[in-house]
Structure formats: structure tokens, C-alpha cells
Amino acid sequence: MNNASTVRRFALVDVDSCFVACERVFHPELAGVPLVVLSNNDGCVVARSREAKNMGVPMGIAWFKLREWAGRHGLVARSSNYELYGSMSSRLMTVLSEFSATTEVYSLDEAFLQLRGTPSELVATAREIRRRIAHDLGLPVSVGIAPSRTLAKTFCHGAKDHPRLAGVGSYDQYSPEAIDAILDKIPARDVWGIGRRIAGRLDGLGITTALQLRDSDPRHMRTRFSVATERAIRELRGTDCVTIADRDAARTGQVMFSRSFSTPVTTRDQMHQVIGIYAQQAATRLRQQGSTTAGFWAFASTSAFVEPFHQVSISGHFEAPTADPVSIVKQITAALLPRMTPGLKHVRAGVSLLDLAPAGAQEMLELFAPDPRLTVIGGLVDKVNKNCGRGAVGIGHAGLAQPPDWQMKRDILSERATTHWAELASVSAR
DNA sequence: TCTGGGGTCCTAGGACCC
DNA sequence: TCTGGGGTCCTAGGACCC
């Protein structure tokens with residue numbers, strides 16, 4: 001409540017209904033219209049406008065269950081357009097980086113900024129952030145300000161739910177009693193880091209609100225649950241103890257490419273093509289971030305909604321760390337194809353590259369060094385696809401001219417208005 | 001008929017070694 | 001042949017997030 005002294009705070013900036021908001025930037029006629037954005041394959045609802053929420057459209061509902069009803073009630077849908085959202089996201093992050101030297105990109109539409117100032121100065125900064133993002137990008141954002149990231153999330157949600165706050169929620173503007181009252185109204189399952197499973201077990205202990213969770217014994221809860229639950233509790237008390245992985249510095253971990261098909265795949269030939277293309281996509285991401293991979297994991301499966309569910313998965317190591325798409329594709333298809341059962345209706349497959357490391361991190365034994373002619377091919381494929389469109393060139397079975405019939409369905413896709421010349425938005429003055 | 005696609009972190013348990 | 005404890009490393013799987 002002391003508005004005079006300088007404090008260090010986290011500010012969470014979060015785009016309101018991000019995918020919906022991005023669609024509306026280039027289609028202003030959709031403002032005020034109940035709108036949803038669908039997952040890949042037009043499978044289910046992944047984003048809803050305020051109007052759609054008010055109509056009672058649930059998150060995650062399958063589109064085929066909703067389509068007819070939507071037509072009758074004026075609910076509009078769009079296929080997800082990740083190219084557009086990705087481009088809007090990088091513009092957003094560029095603007096945010098002007099407000100703090102320490103910004104952590106948490107997802108496409110969220111970032112944590114570390115700020116310093118008096119509580120009222122920080123609120124003024126948050127208002128300026130909202131104004132800038134609205135002016136420069138046309139996107140609405142909410143901001144939560146608090147001593148820990150978890151509380152910043154909580155107060156950001158509060159800012160979205162209470163129009164009176166005009167998009168900014170600040171922990172420091174409330175007395176301790178008021179904070180207790182706020183946390184008492186928030187279900188424990190809505191606390192960042194508490195998922196469905198843990199929430200169910202907390203319920204069994206009589207812990208149902210964020211307030212009860214905050215006031216439970218962190219050490220005891222650690223032994224009962226895990227260090228993640230302990231951290232959630234300490235964060236609710238205002239102690240900063242969650243860290244966000246630095247994706248740029250780490251460059252480790254894994255890349256994955258997986259998709260559902262629009263029509264089932266039943267033959268080895270088709271699966272060969274699928275896995276070839278997916279492995280190539282994963283290899284492209286690998287090179288884009290300048291990494292090599294030492295191992296892989298791949299799977300193909302039937303629908304999880306139809307009994308009996310069947311999945312085959314394989315994993316393995318490469319002889320030496322590599323970024324070469326030829327050997328990646330070869331080895332993964334050679335491992336997976338013999339294990340698949342022709343005739344089964346496969347609806348989904350994926351390829352994951354593991355044990356990533358920065359390219360050139362270690363000298364390879366000459367014995368295992370790849371043929372230098374091979375290392376050139378990957379870059380070449382990337383270049384041609386960049387200039388001539390994705391899929392212009394491919395390796396082996398992935399290099400087919402005809403679009404395969406299992407490929408993704410996106411029937412109601414908006415323009416890629418920020419990344420493709422042919423799809424730019426046009427503006428006319430009257 | 002038709003139900004997303006990425007990721008990260010933590011823990012338990014087995015293999016292996018001294 | 002049996003008996004022990006303690007450490008590390010790896011992997012699989014669970015839980016969570018957007």
C-alpha cells in the first residue's frame with residue numbers, strides 16, 4: 001500500500017484472446033462478432049472471443065459437434081493461421097523489449113517483464129504498454145504486476161475479468177486483507193502450476209482456494225506432492241522461485257513435428273511419405289536454431305477416440321550428432337516402417353529430435369564425421385523451399401509434386417497478411 | 001464420418017560401480 | 001555364495017503449461 005518506495009516487480013503482459021485478436025486485426029468486420037479459432041485440421045476450438053464465451057461455447061470442443069449450431073447462431077470460425085500469429089508475436093515482443101531490459105518470452109502471446117519503480121509508476125508503465133500495443137499492433141493486452149510470476153499471472157487474469165480495472169491488475173494496490181479476499185475467491189486449480197491432477201488431490205485435503213494453498217505448509221506439501229507444488233505455494237506468498245527456461249541460451253532439449261491427418265493412412269508407402277516429410281520438417285527446425293541432434297523418437301497411431309487404440313513408437317541414437325536431413329530421414333523411416341501394421345487406420349504421426357546441442361560444439365572424431373557433401377544438402381533444401389514455397393523440394397519420398405491426400409485440412413484459413421506478398425492486406429481510402 | 005501441436009521439468013526405478 | 005550401503009547415470013512416464 002506504500003506508494004512511495006521503489007520495488008522490483010514482475011509484469012505479465014498477455015494478449016486477450018490472442019488468436020481471435022490477430023484475426024480481427026486484418027478483418028475489422030469481425031469485431032463484435034462471436035468468433036472462434038480452430039486447431040490444426042479444424043479439429044477443435046482453441047480460442048474464443050468474449051462474445052463466443054458468452055454464448056457458452058466451451059474451450060476444446062470438437063468443431064464437427066458445433067458446426068451446424070454455429071451456422072444457426074451466427075458463430076464464425078477460422079482455421080488457425082500460425083504463420084500470422086507468429087509474426088504478430090515477434091512484433092509484440094519487439095515492442096515489449098523497449099520497456100524492460102529483462103523480458104522473458106513465455107509463449108506466443110505472453111511475456112514477463114522485470115520492472116522497477118514505485119507501485120504507481122509501474123501502473124503508469126503498464127498503461128503505456130497497453131496504449132503502445134493497441135496503437136502499433138491493434139492488439140488488446142492485459143497486464144498483471146506482482147512480486148512473483150505466479151501472482152503476476154493471477155492479477156493479470158483478474159484484470160481481464162474485471163472491466164473496472166481497465167486491463168491492469170497490480171498486487172501493490174491492495175491491502176493484505178484485500179489480497180486475502182481476492183485469493184479466497186480463486187480456485188486452487190487456477191493457480192499457475194496446479195493442474196487437474198494435483199487439484200484433485202488438494203481437494204481431498206480440503207484445499208480448494210488459492211488462499212488455502214498459500215497458507216499451507218510448503219515443506220510438508222513438497223513431501224506430499226513435489227517441488228513444483230512447493231514453489232507454487234511460495235510464489236503465492238510473493239517469493240520469486242519459478243524460473244523460465246531461456247530458450248535462446250539453452251538451445252537444448254528437443255524439436256518435434258507431429259500432425260493428425262485429414263484422412264487415415266493405412267499403407268507403408270503412405271507412411272513412408274508422411275514420416276519422410278515430418279522428419280524433414282523437424283530437421284529444418286533443427287537447422288534454423290543452429291543445433292545438432294543425437295537421438296530421435298517417432299510414432300504413428302490410430303485414433304485415441306476409437307477402440308482399440310494402437311500406437312507404434314521407436315527411438316534410437318544417431319552414430320554422431322547430426323543436422324543432416326538425409327541421414328535423419330533415412331534412419332527414422334528405416335526404424336519405424338517395419339514396425340507399423342498395414343491396414344490399421346493411422347490418423348496421427350510425429351517425429352522428435354532429441355539431445356540437441358549447438359552445432360559445432362564439439363569436434364567429431366574423423367571416423368564419425370559425416371560426408372561433407374551431405375551437410376550442404378540440408379541448407380540447400382531450406383533455401384529452395386524458402387524462395388519457392390514450402391514443399392517445393394524434398395528428399396526421397398517427401399519430394400512428391402502432388403499434395404498428398406492425407407495432408408492437413410484448413411478450410412477456413414485467413415490470409416497470411418504479414419508474411420506473404422500475395423496475401424497482404426489491402427487498404428483503400430474513400 | 002469428423003476430437004491440436006508443441007514444449008519443459010520432475011520423479012521413480014533400474015543398471016552399474018565402488 | 002551371500003551380504004551391504006551409497007553414489008551416479010539414464011530412461012520412462014507423469015504432470016503441467018500455452
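In what follows, chains carry the letters A, B, and so on, assigned in the order in which the sequence lines appear, proteins first and then strands, with residues in each chain numbered from 1. Just so we're clear, the structure is a prediction, and the values are computed from it rather than from any experiment.
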In terms of side-chain heavy atoms of [X], which of [options] is nearest?
X        : options                : answer
A:Ile198 : C:dA15, B:dG6, B:dG4   : C:dA15
A:Ser107 : C:dC18, B:dC10, C:dC16 : C:dC18
A:Arg67  : B:dG6, B:dC2, B:dG4    : B:dC2
A:Ser226 : B:dG5, C:dC18, B:dT11  : B:dT11
A:Phe64  : B:dG4, C:dA15, B:dT3   : B:dT3

Mind checking if [X] touches a base, just sugar-phosphate, or nothing, with heavy atoms under 4.0 Å?
X        : value
A:Trp192 : sugar-phosphate
A:Leu108 : nothing
A:Val306 : nothing

[X] has an atom [atom1]; how far is it from atom [atom2] of [N], in whole Å?
X        : N      : atom1 : atom2 : value
A:Ile244 : C:dC18 : CD1   : C1'   : 12 Å
A:Glu104 : B:dT8  : CD    : C1'   : 14 Å
A:Asp109 : B:dG7  : CG    : P     : 17 Å
A:Ile61  : B:dC2  : CD1   : C1'   : 13 Å
A:Asn40  : B:dG6  : CG    : P     : 7 Å
A:Arg224 : B:dT11 : CZ    : C1'   : 18 Å
A:Arg189 : C:dA15 : CZ    : C1'   : 17 Å
A:Glu110 : C:dC16 : CD    : C1'   : 14 Å

Item to check | Whichever of A:Gly60 and A:Thr243 has its nearest DNA chain B nucleotide further upstream toward 5' | outcome: A:Gly60
Item to check | Contact nearer the 5' end of DNA chain B, comparing A:Met256 with A:Arg231 | outcome: A:Met256
Checklist entry - Among side-chain atoms of A:His420 and A:Glu83, is any donor-acceptor pair under 3.5 angstrom? => result yes
Item to check | Between B:dC17 and C:dG4 - C1' atom distance, rounded Å | outcome: 14 Å
Item to check | SB check A:Glu230 A:Arg234 (cutoff 4.0 Å) | outcome: yes
Item to check | Salt bridge A:Asp16-A:Arg50, side-chain N to carboxylate O under 4.0 Å | outcome: no
Does [N] have OP1 or OP2 under 4.0 Å away from a side-chain N or O of [X]?
X        : N     : result
A:Lys345 : B:dT1 : no
A:Ser260 : B:dT3 : no
A:Arg348 : B:dG5 : yes

Next on the checklist: Donor-acceptor pair, distance only, cut-off 3.5 Å: does the side chain of A:Glu110 make one with the backbone of A:Ser107?
Outcome noted: no
Checklist entry - Which nucleotide, in any strand shown, forms a Watson-Crick or G-U wobble pair with B:dC9, with both distances under 3.5 Å? => result C:dG14
Checklist entry - Between A:Phe10 and A:Trp192, does the ring centre distance come in under 6.0 Å? => result no
Checklist entry - Quick one: does NZ or CZ of A:Arg259 land under 6.0 Å from the six-membered ring centre of A:Phe261, within 45 degrees of the ring axis? => result no
